[in-house]
Amino acid sequence: MDSVASMLEGLNAAQKAAVTSQSSVVQVLAPPGSGKTKTLTARVAYLISHLGMHPGNIIVCTFTVKAAREMRERLTALLGSETVNKLLLGTFHSISRRFLVTYGRHIQLNEKFGIADTSDSKSIVTRIIKRLGLTIDPKTARNRISTFKSKGTTAEQYAEETASKVQKRANAETVLRNQEIVAVYSGYEEHLRVSNLLDYDDLLVKCRELLRSHPSCVDHIQAVLIDEFQDTNHIQFDLMRRFSSARKVVTTVGDPDQSIYGWRSADVTNLKKMKENFPDLHVVNLEENYRSSGAILLAAQEIIEQDQSRPAKSLMPTHALGLSPVLRKLPRASKEAQWIVCELKRTIALTAGLLNWDDYAILLRSAALSRLIEKELGNHGIPYRMVGGHRFFDRYEVRLLLDYLRVIDLPGHTDALARVLNTPARQIGDGTMKVLLDEAASRQVSLWVIVRGIAQDSIKLTPKPKRSEDGKTKMVEQISKQAKRGLETFFNIIHTSRVKLDETSDDSLVQFIEWVVKKIGLLKHLKEKCTEEEELQGRWANVEELIANAEEAVTKEYEDERIPSHEEQDPPEPVDGSVPRSRVETLRKFLGNVALSTEAEQKEDGASTGHVTISTIHAAKGLEWPFVFIPAVYDGSIPHSRAEDNDEERRLLYVAMTRAQAMLYLSYPDKNSQQGATTLSHFLSSRNITQHFSIAGPTVKTEDVHEMSLILRRECPNVKSIAAAQERTRPREDKKFLKYSYNGEDMEYTDDDSEAESKKRKWNSTEGFVPPGKRTQMKGFDTVKALMDQGELSTANTTLPTSFTSAKTLARSADLPPLSVPHGAREIAPVRTMLQASSSSTSKPASQQQSSIMGYFGKKADTTAASTSNLVLQPLSHNSLCPHPGREMTEASASPASSFASFKHADDPSCPKQPAPAAIGLSRNALAATHGPGFKPPTIANHSTRLPLDTSEANQMAESRVTKLKPARTLHSLTTTTTPLGYPMNAVGRSYGAKMSMNGWQNRTHK
DNA sequence: CGCTGGCCCTACGGC
DNA sequence: AGGGCCAGCG
Ligand SMILES: Nc1ncnc2c1ncn2[C@@H]1O[C@H](COP(=O)(O)OP(=O)(O)OP(=O)(O)O)[C@@H](O)[C@H]1O
C-alpha cells in the first residue's frame, strides 16, 4: 500500500516494527531523541490509514499541553487537519474533562463544574487551616492531599487509616500532623463539592469513577496511545486500562531515565506494570539517537550513568561528534546572562543564516532564574518567550478578569468570588468579608447567595451590639452603608453580565468579555494601580492577549466539548461547522482550557525571525532545539535545595542536556542571587564529566557550520556568506568573562590574541581550568588532538596530574571489563570491530580509552562485552578503517566536498593514516540509512542540485577548504572513530535496532 | 472600618 | 513579581 509506505518513510527498522506491530499492545522503551514520539505519531497514522480505525475512536495522551500541540502538528502533517481534529488528543486531564462534561451526569456530577486551579486549591486549603486554627503549612497540606488523591486514597479512607494508627499509639507528633491533614483533606473535599469544582486530581479520579461504573462510555474507543509513559501516575495507569477496555489496543512510549515528575506521584514502575497487565506486550527498543551530536550524547550519557542503580543501556549517535559542549563559570548571575546573550548573538551571526532565534533555548531548573536573562535579552532587543514557570494566567490583571468570568459562569465559585468581591476597592474590607462568610456558613449557603441577598435586600443582617468609646453599647449594622453599596455594585456587575451571557445575541465571546472588562472598569483600575505608564502598558497588553486567546480557543475546530458517542461517530457533514453553541458553553470551554494549559498560545506576528525560548526543564520535556543553554548549574539550583529525590534531579539535568541538537552550553555563576558562594553542581564536578566540556564556545568555522547543517538536516549556507559573516562578526571568539572562568578574576577579557590558547583549556575538577601547557591528562573529546599536538602518543609520555590521582581510576578501568557492548551489538559486530580497532590507531593509553568507551556504554558490563572487547587492542589494517564499504566509501574519499576529514590528511602530516573519512561518512551514512537506499546524503555536491548554489561556488567552497582553512576542527570528526559512536547501519546485513525484549530496561523496571 | 503605600519575605516543578 | 503585614490617613 502506497500510503503505508509513505507513512513509514524516514523510520528505521525498529521504529517501523513498532508502528506496524500486529500486536495489540506495544510498548516502546527508548532513550531521548530516538524517535519515540515520531514512532507514536506514525502508529496513529497507521491505525487510521492502514487498519481503518476511525480517528474519533482513538485516544492520544500526552503529558503536557505543549507536547499535545507538538503532536497535533506532527499528526496534521501526516493525516491532515480534518482527520486530526477528530482525534481525542490531549493531556490526561483535558481528555478526562471532556468525558466528564459529556457523561458526568451518570455519576451525579453537575456537568457545569468548574476547575479549581492551583491558586484556588491553595486558597481553599489556607482558609480551612485558618478556620480550624491548625499549624500545618498550607503548601505541604495541599501536596499531601494531591498525593492521596492521585494514589486513590479518599479523605474517608485516610481518616480511617489515621484513626487506626492512633489506636496503635504511633508517634504522637505524626499522628497529630496526620489528624490535621485529615481535617484539611475532608474540609477541602467538602468545599469543592459544594462549589461544584473539581481540582486537577479530581478530573482523573472522577473520570475513573465514571469509567468504572459506566464502561460503556468508552465502548467505541478502538485504540489508546500514550506518550511519556514514565511520568504517569497510578490513576493515569488505571485510566489507560479503562480507556482501552473495549479493544485493548494500546501503544505506550517512555524512558525511565526521563522520569522527572515523581514529585507529583508519577511512578516509573508503570512501565513494568504494562507487562503484568498485558502479558502479550510487544516491547520495542530504539537505540539510535537522531537528535544530538555525539559530543552532547557522550556528556549526557556520563551524567545519567552516575546513577548506580541504572542498568547499562546503549545509545547510538547517528551524527558526528560535533562541537564540544561548554561548561562555563561566571562571576555573577547578571554576568552569566550577559555571557549567554553575547554567545547567542555571536553564534547566530557566525552561522550565516543557518539559525534563527527559534533555534535557541535557555532551560532553567526554576522559573525564578529567568529574570536576569529576560532583562538582558530585552536590552539587546532579542525576541524571547518564557514557557512554563510563572504563568501568564497567574498575572494579577489576567487572573482578575478570569476570576470575574468564572464567577459569572459559576457564582458558587466562592474563592474566585472572594478574590474579586472587593477588587477594585468597594469598601468591602476584611470585617465585612468575615461577616458575609460567617453568615454563609451559618445558613449553609454559598457566599454568592449572601451577597445577592444583601444586594437585593432579601437578606437583612441583624445589627450587633457594640461598645462605643463612652462605654455605652449601641446597635450597629454589621454591614456599613458604603459596604452595602459596594455589594450592590458588585452584584450588579455579575448579574447583568450573566443575563447578557444567557440572552441570545450575535455577539461573540470576545465581545462579551470586552463588555465585562468595561463593566468592571478594569482599565481604570489598572491605571490607578500602576505607578508607571510602562507598567500599565504591559498589564493592559496582557488583558488584550487574554481576550485574543479567548477568540482563538473558541474558533478551534477540535476539542468539541462533548465526545461524540459511537452511534454518532460519523455524523453527516455538519450543516455549517461554525454554528455556535450557547455562549455560556463557549465561555465554559474557554475557562476549562485556561485551567488546563500553562501558557496562553501566542500567535507569531508576521514574518518574524522567531524567538528565543526560555523554559523550565520540566516544560521542555520532549522538545528539541539546535542550541541549548542551561544556566545556574550549581548545587542548590540543580539539584534543587528542596528536592527530595537526588536521582530525579540528575535525570532532570539529563533531560535538559538531551534537548540539544548541535550545541550545548552549561554555566553557573560564582555567586548566587543572595551573594552566597556557589559550587558547581555535583552532577558535573567529577573529572569524568568535565572532560566532555570545553571552557569556551566554538570558533564556528566553516566546517562547523556544515556539520551543524548535517545534524539539523538543513541546507548549509554557502562558503562566501559564512566567510562574510566571520568577517563581520565581533567578537568572533567567545571570550566574554573567559578569564574569570580561567582564574576567577572578575574582569573581562579584552581583545587580544590569547583566545587561541584559552580555547584549548579544559576543565579540571579540582583545580578549575588547567592551562594547556600543564595539561597532560585528557580523555574523550580532545584526547586525540591533544596527543597529536604534543606528540605524546604513548602511555609513558602521558603523565597524570596530581589532581587526578589515578590509582583508583586505573584500577577501576583495569578491573572492569573494558567494554560494555549493548545487546544488539552482535548484529553489527563487524562494523563495531572496525570502529574499535580504528580507535586504537591513535595509540591512546588503553586505560584511558577504556574508561572513555565504558563511560559511554555504561558501567555494568554486558555479557557480550568480554568477547568483543578484546578487539579493541587488535592491530588494524588500513582496510578496516573503512567502516562503510562500497559506494559510500568511494564517494567519501573521491569527492573532496564530502569530507572535511580528508583534508586533514593532506594538511596534517602528524596523522598520516587517520581513519578520518569515516568521520563525516558516519553521519552521512546514518542519514542515508534512515532515509532508505534512495536517499542522497546532503553533501555539498548534492546541494548544488537543490540549492541556488552553482557549481563554481561549490567548487570554490571545496577548494577554499583545502587550501585556506586550517582544519583544526577535523579533530572532532576524527575522534568519532575513536569511540564507537554510531555505526554505518547500511554496511552490514541489518537487523539493527529491533529487539523485542526488555534488555537493559528490564532490570530497572522490575525493581 | 477600609484604603493606600511601603516594607519585607519568599519563590522548585505543572496538569 | 506577588502576598502579607503594618503604619498612617480618611
Ligand atoms: N528514523 C529517523 N530518521 C531521522 N530522524 C529521526 C528518526 N526518528 C526520529 N528522528 C528525529 O529525531 C528527533 C527526535 O525524535 P523524537 O522527538 O520523536 O524522539 P523521542 O524519543 O520522543 O525523544 P524524547 O525522549 O526526548 O522525547 C526528531 O527531530 C525526529 O524527527
Side-chain angles (χ1 to χ4, degrees), chain A residues 61-68 90-97 115-119 121-123 126 130 138-139 143 146 149-150 198-204 228 231-233 235-236 260-266 363-371 374 386-391 393-397 399-400 419 422-435 466 476-483 486 528-529 531 535 538-539 592-599 615-621 632 636-645 648-649 651-652 655-656 673-674:
Chain A
C61 277
T62 64
F63 210 70
T64 63
V65 181
K66 241 192 142 177
T91 60
F92 271 101
H93 292 86
S94 72
I95 290 169
S96 296
R97 179 177 154 272
I115 296 172
D117 63 22
T118 311
S119 59
S121 298
K122 209 179 106 205
S123 64
T126 311
K130 253 191 207 142
K139 198 174 167 150
N143 288 342
S146 172
K149 286 183 148 189
S150 45
L198 299 185
D199 71 10
Y200 292 118
D201 299 312
D202 282 335
L203 290 172
L204 307 180
E228 310 278 11
D231 283 320
T232 52
N233 66 26
I235 296 228
Q236 287 163 333
I260 53 176
Y261 281 92
W263 51 275
R264 62 176 227 207
S265 311
L363 305 182
L364 308 166
R365 173 61 180 86
S366 29
L369 295 165
S370 73
R371 288 188 61 193
E374 290 190 56
M386 175 77 199
V387 177
H390 282 167
R391 302 161 57 183
F393 296 122
D394 281 340
R395 308 292 296 269
Y396 171 83
E397 60 283 2
R399 179 96 218 158
L400 186 62
R419 279 192 297 259
N422 197 34
T423 326
R426 299 187 181 96
Q427 307 291 114
I428 307 165
D430 290 349
T432 311
M433 189 64 99
K434 183 164 185 329
V435 171
K466 191 192 169 192
V476 182
E477 289 293 340
Q478 292 192 58
I479 309 275
S480 72
K481 261 219 166 72
Q482 308 95 294
E528 286 161 6
K529 278 245 146 189
T531 46
E535 189 192 354
R539 290 189 187 271
N593 281 349
V594 164
L596 294 181
S597 62
T598 327
E599 274 305 294
S615 171
T616 59
I617 300 172
H618 283 95
K621 192 166 70 140
S637 175
I638 186 160
H640 195 272
S641 49
R642 297 182 58 168
E644 279 160 25
D645 185 344
E648 184 158 306
E649 294 293 300
R651 291 193 294 270
L652 206 45
V655 168
S673 41
Q674 288 95 47

*asked:* Starting the side chain at C-beta, find the nucleotide from dG2(B), dG14(B), dC3(B) nearest to Y261(A).
replied: dG14(B)

*asked:* Output the rounded distance in Å from CZ (R399(A)) to C1' (dG3(C)).
replied: 14 Å

*Charged N to carboxylate O below 4.0 Å: is that the case for R371(A) and E374(A)?*
no

*Within the distance-only criterion (no hydrogens, no angle test), does the side chain of N233(A) pair as donor or acceptor with the backbone N or O of S265(A) below 3.5 angstrom?*
no

Taking only N/O atoms, report every protein-nucleotides 4-10 of chain C pair under 3.5 Å with atom names and distance.
none

*asked:* Using a heavy-atom cut-off of 4.0 Å across all strands, would you classify I428(A) as base, sugar-phosphate, or nothing?
replied: sugar-phosphate

*Look at all strands and tell whether D430(A) reaches a base, only sugar-phosphate, or nothing, counting heavy atoms closer than 4.0 Å.*
sugar-phosphate

_Distance below 4.0 Å between N422(A) side-chain N/O and dC3(B) OP1 or OP2_ = yes

*Whole Å only: how far is the NZ atom of K621(A) from the P atom of dG14(B)?*
12 Å

*Just compare dT4(B), dG13(B), dG2(B) and give me whichever is closest to any side-chain atom of S366(A).*
dG13(B)

*Are K139(A) and dT10(B) close enough that a side-chain N or O sits under 4.0 Å from OP1 or OP2?*
no

*Taking only the side-chain nitrogens and oxygens of R642(A), find out if one of them lies under 4.0 Å from OP1 or OP2 of dC12(B).*
yes

*With a 3.5 Å cut-off and no angle check, do the side chains of D201(A) and S150(A) form a donor-acceptor pair?*
no

*Is any NZ, NE, NH1 or NH2 atom of the basic residue among E649(A) and R365(A) found under 4.0 Å from an Asp or Glu carboxylate oxygen of the other?*
yes

*asked:* What contact category does S641(A) fall into here, base, sugar-phosphate, or nothing, at under 4.0 angstrom with non-hydrogen atoms?
replied: nothing

*Spacing of NZ belonging to K149(A) relative to CG belonging to D199(A), to within rounding of 0.5 Å*: 3.0 Å

*From dG13(B), dG2(C), dT4(B), nucleotide with atom closest to A425(A) side chain*: dT4(B)

*In whole angstrom, give the distance that lies between atom CZ of R419(A) and atom P of dG2(C).*
14 Å

*Taking CG from D231(A) and C1' from dG13(B), how many angstroms apart are they, rounded to a whole number?*
11 Å

*What integer distance in Å separates E477(A):CD from dC1(B):P?*
14 Å

*Could you tell me the separation between the CZ atom of R264(A) and the P atom of dG13(B), rounded to a whole number of Å?*
13 Å

*Rounded to the Å, how far apart are L369(A) CG and dC12(B) C1'?*
10 Å

*Is W263(A) stacked on the base of dG13(B), with ring centres under 5.5 Å apart and planes under 30° apart?*
yes

*asked:* Would the distance check show the side chain of D645(A) and the main-chain N or O of W263(A) forming a donor-acceptor pair, the cut-off being under 3.5 Å?
replied: no

*What does F92(A) touch in the nucleic acid at a heavy-atom separation under 4.0 angstrom: a base, only the sugar-phosphate, or nothing?*
nothing

*Check side chain to side chain contact (heavy atoms under 4.5 Å, CB included) between T616(A) and all other residues, then give those that pass, not counting sequence neighbours.*
A367(A), H618(A), A619(A)

_List the residues meeting ring-ring contact (aromatic ring centres under 6.0 Å, His included) with F92(A), not counting sequence neighbours, and say none if there are none._
none

*asked:* At less than 4.0 Å, is any side-chain N or O atom of S480(A) found next to OP1 or OP2 of dG2(B)? Yes or no.
replied: no

*Which one, dG2(B), dG13(B), dC3(B), comes nearest to the side chain of E648(A)?*
dG13(B)

_Please compare H618(A) and E528(A) by the position of their nearest nucleotide in DNA chain B and report the one closer to 5'._
E528(A)

*What is the distance from CD1 of I617(A) to P of dC12(B), rounded to the nearest Å?*
15 Å

*When you check the phosphate oxygens OP1 and OP2 of dG2(C), does a side-chain N or O of R539(A) lie under 4.0 Å from one of them?*
yes

_Please pick, from dG14(B), dC12(B), dG2(B), the nucleotide with the shortest atom-to-atom distance to any side-chain atom of Q427(A)._
dG2(B)

